[in-house]
Each structure stands twice: as C-alpha cells, then as structure tokens.
Student: 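Just dropping this structure here.
To find a chain, count down the sequence lines: A is the first, B the second, and so on, and within it residues start at 1. None of the values given here were measured: they were computed from a predicted structure.
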Number of protein chains: 2
Amino acid sequence: MYTIKEVADKMEVSEHTLRFWAKSGFFPYIKRNENNTRLFTEEDLEWVKIVKCLRNIGTENKAIKKYIDLCTIGDSTIAERFEIIKDTKKKALERMDELKKQLELLNWKENYYNSLIENKSIDRCNPINSDCQKVAT
Amino acid sequence: MYTIKEVADKMEVSEHTLRFWAKSGFFPYIKRNENNTRLFTEEDLEWVKIVKCLRNIGTENKAIKKYIDLCTIGDSTIAERFEIIKDTKKKALERMDELKKQLELLNWKENYYNSLIENKSIDRCNPINSDCQKVAT
DNA sequence: TACTTGACTGATAGTTACTATCAAGCTGTA
DNA sequence: TACAGCTTGATAGTAACTATCAGTCAAGTA
C-alpha cells in the first residue's frame, strides 16, 4: 500500500496530478485509511500506468474516463475496449514515426552546430538557413 | 509562397495554432503582402518544422522563443543553441523509450482483448486484473 | 504535555497552450 | 452587385495541469 507521495515518486507523476486524476475518476477502486488518506495498491499502480500511457499518447481525459468506465462495467464492453486500444496503438505508432523524423532533424542540427564549434569556423549561413536546413530524408 | 491555410494543410498544424505561434514570435522573418496577409516562404516552413519538433518533445513556448531569438542573434549564440539541441535530443530519446514501453503495454492489451473475443470466452478476471496486468518486461 | 514537523486533505486560483468565435476586410466569380 | 471564401486581430473559452492555502492528523522531540 502506497501513499500518494510514494506513488508520485515511483511512477513519476506529480502528487497534484495524481489527485487531479483521482478526482477525475481514473482510479475507480482506490481505498482510503481511517484518516481519509488515499492508499494505492499494486493494482491501483497499474491504473496509474495505463492512464499515464493513454495520456502520453494524447488521449484526452474525457476519453480516458470513458475507457475506465468501460473497464468497470465488465465483460460486455470488451469489444469497445479492444477498439480503443487499437486506436491508441495506431496513434502511438504515428507518434513514434514523427519522433523518429524529429530526431533526425535534431541529429542534423547537433552535427551542424558541433562542426561549427569544432572547426571554430564562423557561421556564414544566415540564421534561417543554418537552423532550418532540410534534413536529407 | 504559402498562405496560412496552405501551411496548415502541408504541415499539419491548425491555422489557429500557426497564428498563435506567429504572435508568439516563432516566425521571425515572415513577410506579408499588401493586404496584410502572411505569406510563408520555404524557409518559414522550416521554422514551422523546428517549432513543431521542439513542441512535440515538450519544450515550452517560452524556451522555444528563446531558441528562436538565439538563432536570429547569430554566430555568438552557437554554443548555447548546441546545448539546447543536445538537451532536446536527450528528452526525445527518453520519450521514445517511454513510448516503446507503452506500446508493449498496448500490445499486451490488444492481444488480451483479442483472445477474449476470438475464443468468445467470458472475461473471468475482474476489471483491474484484466486491464492492468503487468506486461512481461 | 506541549510543540514542531511532515504528510495528507479539499477548495480555489493561476498558468500554459491552445481552440473557438466573431466582426471586418479583400478578392474573384455569377 | 452580391456572395462565397479567404484573410486579419481581438477576445473569450477550454483542457489539463500546477500552485497556494487553510486545515487535519500522527509521530517525534523538549
């Protein structure tokens, strides 16, 4: 059983955000002790994980709540949950692709700046060209 | 030369966001025609690309403005820009790693739901376990 | 026993980065 | 000439945090 602070550290989500998520109904089975303090079980950590996952991929909170609700309803919602997960996976792969391209751009810039510094040469390109040259794709 | 609408389509950024970014000073060299309409050059598109890149990796707008300003200052800021790009690249790699792990989770869930549907079996796990089982890492 | 420290609570306000709505202006076709 | 379709800036609204605050509680120390 973990306090909100321990969960924040363990899962790398701020206490504020965890409270906000709790208030949003993202942790449907969470328990409290006699002092009204939230105590997260291992299962609750798994809910944190899936919420973090969906959030990171850009799923909006309303849609996350919908998914959580479907989970708590039970068997009858499996097909719908399956679709949500497939959609999310698709979005995740798109993000991954975009990130890869953007990493290429950053690599190009890193090399560019590095060569300018190493050679101690003067940047003769104007800022537009030096900073925005196309990456060879 | 592209209008804001054309840039929005081409770069997959909304017109609203482009205007917001323009107002934030993210396109320092942008020109207007005699009717005050913004016209984006190819170089401006490269600025859009780098802003999109930084934004996507989580750089906040204030920091993006700082980078843009450094670019427009010129040679003297190359070392500083180099550091920014290195930091951004680091963050991008971290995002990539996180995304990979989250894709594993989604894959696990996809398979799980799929097998439940295919076998037409009943979901015997409670919602917590069915939706939050740990992915074998 | 009194006091301080530290973690928790909910309520509320503030911030960031959009996102939508609006009135107004220009342009090209019917 | 009208109107459709694009643009503009100003302004308001929204999502998702993020920070601040007053208050509760338990444990440790003087």
Side-chain angles (χ1 to χ4, degrees), chain A residues 1-28 30-41 44-45 47-69 88 91 95 98 102, chain B residues 1-28 30-41 44-45 47-69 88 91 95 98 102:
Chain A
M1 302 286 250
Y2 308 94
T3 63
I4 210 159
K5 192 181 171 60
E6 288 165 342
V7 177
D9 291 346
K10 202 177 163 75
M11 304 299 283
E12 296 182 297
V13 179
S14 79
E15 290 181 51
H16 284 306
T17 300
L18 285 170
R19 279 204 196 90
F20 179 77
W21 286 356
K23 204 179 162 189
S24 306
F26 290 177
F27 312 132
I30 203 162
K31 295 284 189 302
R32 308 239 182 180
N33 71 6
E34 67 282 3
N35 299 319
N36 201 32
T37 300
R38 272 177 279 255
L39 290 179
F40 290 70
T41 62
D44 291 323
L45 293 192
W47 285 108
V48 175
K49 197 191 278 179
I50 185 69
V51 169
K52 232 191 125 178
C53 172
L54 293 171
R55 207 56 214 86
N56 198 43
I57 290 158
T59 311
E60 53 190 53
N61 288 7
K62 208 182 287 180
I64 292 176
K65 181 62 167 70
K66 171 118 196 250
Y67 176 76
I68 307 270
D69 287 346
T88 308
K91 277 204 289 174
R95 289 233 157 183
E98 198 177 20
Q102 291 173 339
Chain B
M1 301 286 251
Y2 307 94
T3 64
I4 209 159
K5 192 181 172 59
E6 288 165 341
V7 177
D9 292 346
K10 203 177 163 75
M11 305 300 283
E12 296 181 298
V13 179
S14 79
E15 290 180 51
H16 284 308
T17 301
L18 285 170
R19 280 205 195 89
F20 178 77
W21 286 357
K23 203 179 163 188
S24 306
F26 290 177
F27 313 133
I30 203 161
K31 294 284 190 303
R32 308 239 184 179
N33 71 6
E34 66 280 6
N35 298 320
N36 201 34
T37 301
R38 271 178 278 255
L39 290 178
F40 289 71
T41 63
D44 291 323
L45 293 191
W47 286 108
V48 175
K49 196 190 279 179
I50 185 69
V51 169
K52 232 191 124 178
C53 172
L54 294 171
R55 207 56 213 84
N56 198 45
I57 290 158
T59 311
E60 52 191 54
N61 289 5
K62 207 181 286 180
I64 293 176
K65 181 62 166 69
K66 171 117 197 253
Y67 176 76
I68 306 271
D69 287 347
T88 308
K91 276 203 291 174
R95 289 232 156 184
E98 199 177 19
Q102 291 173 339

Student: If we ignore hydrogens and angles and just use 3.5 Å, is the side chain of A/Asn33 paired with the main-chain N or O of A/Asn35 as donor and acceptor?
Tutor: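 Yes, A/Asn33 side chain to A/Asn35 backbone: donor-acceptor pair under 3.5 Å.
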Student: In whole Å, what is the span from the CD atom of B/Glu60 to the P atom of D/dA16?
Tutor: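 My rounded result for the distance is 19 Å.
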Student: Quick check on the 6.0 Å ring-centre criterion: do A/Phe26 and A/Phe20 meet it?
Tutor: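 No, they do not, as the ring centres are separated by 6.0 Å or more.
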Student: Mind grabbing the angle between the end helix axes of the helix from C/dT1-D/dA30 to C/dA30-D/dT1? Five pairs an end, 10° rounding.
Tutor: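 Result, rounded to 10 degrees: 10°.
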Student: Measure the CG-CE distance between A/Asp44 and A/Met1 for me, rounded to the nearest 0.5 Å.
Tutor: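 Between A/Asp44 CG and A/Met1 CE, I get 8.0 Å after rounding to 0.5 Å.
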Student: Could you check how far CG of B/Asn33 sits from C1' of C/dT27, rounded to whole Å?
Tutor: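 Rounded to whole Å, this separation is 11 Å.
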Student: Quick check against the 3.5 Å criterion: does B/Asp69 have a side-chain atom that pairs as donor or acceptor with the backbone of B/Lys66?
Tutor: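 It does not hold such a pair.
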Student: Is there a side-chain contact between A/Asn61 and the phosphate of D/dC17, meaning an N or O under 4.0 Å from OP1 or OP2?
Tutor: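 Yes, A/Asn61 has a side-chain N/O under 4.0 Å of OP1/OP2 on D/dC17.
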Student: In whole Å, what is the span from the CZ atom of B/Arg32 to the C1' atom of C/dG25?
Tutor: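 Between C1' of C/dG25 and CZ of B/Arg32: 14 Å.
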Student: side-chain contact (heavy atoms from CB on, under 4.5 Å) with A/Glu98: which residues, sequence neighbours excluded?
Tutor: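 Residues passing side-chain contact (heavy atoms from CB on, under 4.5 Å) with A/Glu98: A/Gln102, B/Lys52, B/Asn56.
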Student: With a 4.5 Å limit on heavy-atom distance, are the side chains of B/Ile57 and B/Cys53 in contact?
Tutor: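 Sidechains of B/Cys53 and B/Ile57: in contact.
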Student: Just to confirm, is there a sub-4.0 Å distance from OP1 or OP2 of D/dA15 to any side-chain nitrogen or oxygen of A/Arg55?
Tutor: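 Looking at the OP1 and OP2 atoms of D/dA15, neither is under 4.0 Å from any side-chain N or O of A/Arg55.
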Student: Can you measure B/Phe26 atom CZ to C/dC18 atom C1' for me and round it to whole angstrom units?
Tutor: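 Going from CZ in B/Phe26 over to C1' in C/dC18 covers 12 Å.
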Student: Would you tell me if any nitrogen or oxygen in the side chain of B/Trp21 comes within less than 4.0 Å of OP1 or OP2 on C/dA17?
Tutor: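 No, B/Trp21 has no side-chain N/O under 4.0 Å of OP1/OP2 on C/dA17.
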Student: When the distance from NZ of B/Lys23 to P of C/dT16 is rounded to whole Å, what number comes out?
Tutor: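 Computing the B/Lys23:NZ to C/dT16:P distance gives 14 Å.
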Student: Applying side-chain contact (heavy atoms from CB on, under 4.5 Å), run through B/Ile30 and B/Phe40 and close with a yes or a no.
Tutor: CA-CA 6 Å; B/Ile30 203 161; B/Phe40 289 71; 3.4 Å; yes
Student: Are the side chain of B/Arg19 and the backbone of B/Lys23 linked by a donor-acceptor contact shorter than 3.5 Å?
Tutor: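 No: the side chain of B/Arg19 does not pair with the backbone of B/Lys23.
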Student: Heavy atom of residues 1-20 of chain B under 4.0 Å from DNA chain C: which residues?
Tutor: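 Hits under 4.0 Å, by residue number: B/His16, B/Thr17, B/Phe20.
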Student: Search all heavy atoms of A/Ser24 against all heavy atoms of A/Lys65 and return the closest pair with its distance.
Tutor: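 So the two residues come closest at O-CD, 3.1 Å.
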Student: When the nearest nucleotide of DNA chain D is assigned to A/Asn35 and to B/Asn36 on a heavy-atom basis, which residue is associated with the more 5' position?
Tutor: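 Comparing both residues, the 5'-ward one is B/Asn36.
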Student: To the nearest Å, give me how far apart NZ (A/Lys52) and C1' (D/dA16) are.
Tutor: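 Answer to the nearest Å: 16 Å.
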Student: Output the rounded distance in Å from NZ (B/Lys31) to P (D/dT8).
Tutor: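 Computing the B/Lys31:NZ to D/dT8:P distance gives 16 Å.
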Student: Please report, rounded to the nearest Å, how far the C1' atom of D/dG9 is from the CZ atom of B/Arg38.
Tutor: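 Going from B/Arg38 (CZ) to D/dG9 (C1'), I get 9 Å.
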